[in-house]
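As the structure is a computational prediction, the values presented were derived from the model and not from experiment.
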Amino acid sequence: MTDTAGAAGRPVIVNALGQLDNPNTPAARAAATQLNPSSDQLAVDARALADAHASGLTAVNITLGYTMGDLPPYEHTLAEIAVWDRIIEAHPVHLRSCRAFAIRP
């Protein structure tokens, strides 16, 4: 049996679908109509962060960079990483970058 409780005894809840934004903003609505939107079109605002906290979310798994289409793969990947670095830096109380994770028995 795997222990899924976090440090405070709460369950570890991971959004593995890779989205953290407020879908109610005009920019997010416009991005939702695109086949391959970029991260700078997302609205990681107070509402998105409040919703994440209210849901008990522990982590979000976000795939960054080129996945398909006509974008230049290397340049697009660097741009996506830079966007998320800025988002994380803008919300240090709420967000942090985690490049590896393991639940140990």
Side-chain angles (χ1 to χ4, degrees):
M1 183 165 154
T2 302
D3 178 11
T4 57
R10 295 184 301 258
V12 174
I13 300 172
V14 178
N15 173 353
L17 297 176
Q19 188 78 356
L20 177 66
D21 79 315
N22 177 355
N24 300 302
T25 65
R29 285 189 204 142
T33 66
Q34 297 178 10
L35 181 60
N36 195 10
S38 62
S39 293
D40 59 356
Q41 295 172 283
L42 301 176
V44 182
D45 59 9
R47 177 172 176 176
L49 296 170
D51 287 350
H53 283 294
S55 74
L57 187 66
T58 306
V60 179
N61 175 35
I62 299 174
T63 300
L64 297 179
Y66 178 82
T67 56
M68 60 177 263
D70 295 331
L71 300 169
Y74 181 74
E75 293 83 358
H76 178 68
T77 299
L78 292 181
E80 291 285 284
I81 292 169
V83 167
W84 278 99
D85 283 346
R86 286 191 303 273
I87 292 170
I88 292 166
E89 288 172 10
H91 305 284
V93 172
H94 305 283
L95 302 174
R96 73 178 65 157
S97 177
C98 179
R99 298 178 192 272
F101 177 77
I103 296 176
R104 296 189 180 125

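- Between I87 and L42 there is no side-chain heavy-atom pair separated by less than 4.5 Å.
- Inter-residue side-chain proximity for M68 and L35 is flagged as met; some heavy-atom pair is nearer than 4.5 Å.
- A donor-acceptor contact shorter than 3.5 Å links the side chain of R29 to the backbone of N24.
- The only option from L57, V44, V93 that meets the side chain to side chain contact (heavy atoms under 4.5 Å, CB included) definition with L49 turns out to be V44.
- Nearest heavy-atom pair across T25 and A43 is OG1-CB, 3.4 Å.
- Under the 4.5 Å side-chain heavy-atom criterion for Ile, Leu, Val, Met, Phe, Trp and Tyr, L78 and Y66 are members of distinct hydrophobic clusters.
- Of all non-hydrogen atoms in L20 and A48, the two that sit nearest each other are CD1-O, 4.2 Å.
- Taking each heavy atom of A28 and D21 in turn, the nearest pair found is CB-OD2, 3.4 Å.
- Side-chain contact between L95 and V60 is absent, with no heavy-atom pair separated by less than 4.5 Å.
- Counted by atom type alone, Q34 and N36 present zero donor-acceptor pairs between their side chains at under 3.5 Å.
- Separation of atoms CD (E80) and CG (D85) is listed at 11.5 Å; rounding is to 0.5 Å.
- Separation of atoms OG (S39) and NE2 (H76) is listed at 7.0 Å; rounding is to 0.5 Å.
- Hydrophobic clustering, with ILVMFWY side chains joined whenever heavy atoms are under 4.5 angstrom apart, keeps L71 apart from L64.
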